[in-house]
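Counting starts at 1 for both ligands and their atoms, in listed order.
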Amino acid sequence: MSEEANFRAEIEDLRERVRYHNRRYYVEDAPDISDAEYDALYKELESLEAEHPELVTPDSPTQRVGGEPLQEFQQVRHAVPMLSLANARKLEELREWDARVRRILGEDEEPRYVTERKIDGLAVSLRYEEGRFERGATRGNGTVGEEVTANLRTVRSIPERLDDDPPEVLEARGEMYMTLEDFERLNRRQEAEGKPPFANPRNAAAGSIRQLDPKITARRPLTVYLYGIGEGGDLYESHSAALDALKSYGLRANPYKLHDTIESVMQECEEAVRERESLPYQIDGVVVKVDSREQQRALGSVAKAPRWAIAYKFEPLAGRTKLKEIIVNVGRTGALTPQALLEPVNVGGVRISRATLHNEDYIREKDILIGDVVVVERAGDVIPQVVRPVPEERSGGEREFFMPTECPVCGEPVSRPEGEAVTRCVNARCPALALEHIIHWASKAAMEIEGLGEKLSTRLFDLGLVKDVAEIYDLKAEQLVPLEGFGEKSAENLIRSIEKSKEQPFSRVLYALGIRHVGNVTAGLIASSFSGEDLLRGVETERLTEIEGVGEVVARAVVDYFALEDNRALVQRLMKAGLNFEREAVGAPEGPLAGKRVVITGTLSRPRGYFVERLEEAGGTFTSSVSKNTDYVLAGEEAGSKLERANSLGVPVLDEAGFEELISQETVAS
Ligand code: IVH
């Protein structure tokens, strides 16, 4: 093989591996390598492609960053119209529907039903030709939609190529959505960047897809569940077979259940209502479909909806009520957040009397006035939000909201930096910051002090027993026993869980400190490179940004934090109290080749993937180019420039036998 062909094969091999892991992770939710390993593979591919831009193909997994912005969307006519669904609001209506289905099908036919969750997102069509993703479109009015191919190419759960043996034209249809967690994270990012937050995950998903600039879409955490086939759908004899086929092609098919009776369908709907709040994404109902294609054809469609399907719709998680007052909370980072006090309203079984209004700009943009009737929405555990006012209901007595110029807790002036949406109290000694910090410190994600929740923290703070987080560790059981609700035993339990928190790893401590922009992942990254002593001694931003995954903003926040005298004093007190500030060794690989970087080149007796797998099992990392950091080169027949380079750099070269010998060694405990 020529060197060029060899290289091409290598790059394609790597792409194939990234694609495989993409499918495991984004489509099947079942990764079989760690995130770090995946990142390493991906970076490897990126760097190879950067060295050889002429070999970059549009279907490479790295090309999901988004192309050039569009002036406007092209219109697309759907070859098979994208229908909507008839709705059932009550379970009984499903029985009526079943009776109608049976009447049309006649006595000789027994319908079988498929149920799926009805996902609250945006309908899209994905057209694959010869197994390649060629065109993506929104539903639009069902007949004509908008072409959003470039945007959909940035979505990781939409593969560029299909596996198995798909039909020549396959137009998969489904729902684009955003998980609640991703939605919250996106909104936090929007706010941090001074941009307006989205009202709900559906709007966030829709707004992300209908973006003229695909680079923006690429930064939005979108995913898809496919629930049907447009063109090409006639090839499958049932809906369930079509969904199974989608799955075998490597597409993310909506999970489904089969039912022989409408009673079983109704039970499933009841189950889904219960399940609704615990799902990681929003659903607004259950879709019931007749499974057999032949029966579907016999049933046909009326107006814009098929007779063979129906949506059982849940109560909306939105309600209307009066916004009585707007108060301002001060968070742990000093952020002033306006909160709506509402006349209590029942939204999907939960009584809501408060909702967030995000920030000043949000209130202004949505034209929300104190005294307005407003629409509130909630979703899972996400804080309920005021979505919009109902101006038709105004009486004239409503008034505008103004952000206070002084902190409502400490009275010091607040500041709102240019270009930011958030107003902050910048007084480091503001009690609001201290209390919020104590609550954060004890929380599950931080130091996980069992028994020290928000209520007790507030009480201890108000009583002056705990004025900052270090004082948690000065608490004595005797101080707690006299408090209402405490006995000897419960006091001792709390002291014990406080003591136990001292065993938490440094990454937790670092996260618990509440440094701006340092979430638990970032804290983990930093804690594996530096100890508390290092940070106190002073680490430069450049050293922090050397850590993979730590950017300028984070680095600056960490440096600023440790530069401040008050913070340094706090950290020193925590060290004295016995908390863990030791640098962590996280996820260090194990095996005879642990931490070794190995290049594989030339023609070997088996596919390269085999050797890469063996290498990774042995704890090693596969890299593509030889440098002085390479530990070994495994060279097969006709190894070209890499072998030469290894020789000139003095990197040990192995043949297959040498490689086998190396990986079969026992790990020597050090
Ligand atoms: S089937 C002909 N299945 O609900 C059948 N739709 O009005 C067409 N949706 O805009 C739709 N989850 O985007 C179907 N599992 C699911 C769905 C689903 C959400 C949306 C769909 C459409 C609307 C139906």
Side-chain angles (χ1 to χ4, degrees), residues 78-89 93-94 97 101 113-126 136-146 148 152 157-158 171-179 200-203 205-206 208-210 222-234 236 238-240 242-244 246-247 251-259 265 268-269 271-273 275-276 279-293 295-314 316-317 379:
H78 301 296
V80 179
M82 290 181 79
L83 300 178
S84 63
L85 292 168
N87 291 333
R89 290 256 166 219
E93 294 173 40
L94 290 178
W97 174 73
V101 165
Y113 296 121
V114 177
T115 55
E116 292 168 38
R117 290 172 187 150
K118 186 169 188 296
I119 299 150
D120 199 6
L122 181 82
V124 290
S125 137
L126 312 176
T138 62
R139 173 173 181 271
N141 62 10
T143 314
V144 177
E146 285 171 326
V148 287
L152 294 182
S157 49
I158 299 179
E171 189 218 342
R173 291 175 173 181
E175 201 82 351
M176 299 296 313
Y177 68 95
M178 206 177 272
T179 66
N200 54 45
R202 183 191 53 245
N203 287 3
S208 303
I209 291 163
R210 298 195 63 265
L222 290 163
T223 188
V224 70
Y225 256 138
L226 297 155
Y227 53 64
I229 303 180
E231 280 182 88
D234 290 338
Y236 309 88
S238 66
H239 179 63
S240 52
L243 291 178
D244 292 345
L246 289 176
K247 203 167 164 187
L251 288 163
R252 200 157 179 271
N254 204 13
Y256 69 88
K257 285 184 190 154
L258 283 169
H259 310 263
V265 166
E268 171 62 19
C269 291
E271 169 91 33
V273 173
E275 186 190 56
R276 176 187 199 181
L279 284 176
Y281 53 91
Q282 265 195 308
I283 60 172
D284 58 351
V286 173
V287 184
V288 189
K289 302 171 185 176
V290 170
D291 192 33
S292 147
R293 280 269 187 239
Q295 292 180 352
Q296 287 185 1
R297 276 190 283 269
L299 286 157
S301 302
V302 271
K304 286 201 171 244
R307 268 197 288 246
W308 49 262
I310 192 164
Y312 171 69
K313 295 265 280 200
F314 299 153
L317 288 184

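- For Asp291 (side chain) and Ser240 (main-chain N/O), a donor-acceptor pair under 3.5 Å exists by modelled atom type.
- For Arg252 (side chain) and Val224 (main-chain N/O), a donor-acceptor pair under 3.5 Å exists by modelled atom type.
- Remark: Tyr113 engages Trp97 in a ring pair (Phe, Tyr, Trp, His ring centres under 6.0 Å) (not counting sequence neighbours).
- With hydrogens and angles disregarded, no donor-acceptor distance shorter than 3.5 Å links the side chain of Arg173 to the backbone of Ser125.
- Under the 3.5 Å distance criterion, the side-chain polar atoms of Arg276 are left unmatched by any main-chain donor or acceptor of Gln282.
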What does the N/O contact table under 3.5 Å look like for ligand 1?
{"unit_1": "ligand 1", "atom_1": "3 (N)", "unit_2": "Lys289", "atom_2": "NZ", "d": "3.1"}
{"unit_1": "ligand 1", "atom_1": "4 (O)", "unit_2": "Lys118", "atom_2": "NZ", "d": "3.2"}
{"unit_1": "ligand 1", "atom_1": "7 (O)", "unit_2": "Leu85", "atom_2": "N", "d": "3.2"}
{"unit_1": "ligand 1", "atom_1": "12 (N)", "unit_2": "Ile119", "atom_2": "N", "d": "3.1"}
{"unit_1": "ligand 1", "atom_1": "13 (O)", "unit_2": "Glu175", "atom_2": "OE1", "d": "2.3"}
{"unit_1": "ligand 1", "atom_1": "13 (O)", "unit_2": "Tyr227", "atom_2": "OH", "d": "2.8"}
{"unit_1": "ligand 1", "atom_1": "15 (N)", "unit_2": "Glu116", "atom_2": "OE1", "d": "2.8"}
{"unit_1": "ligand 1", "atom_1": "15 (N)", "unit_2": "Arg117", "atom_2": "O", "d": "3.1"}
{"unit_1": "ligand 1", "atom_1": "15 (N)", "unit_2": "Asn254", "atom_2": "ND2", "d": "3.1"}

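- Judged purely by atom type and a 3.5 angstrom limit, Thr138 uses its side chain to pair as donor or acceptor with the backbone of Glu146.
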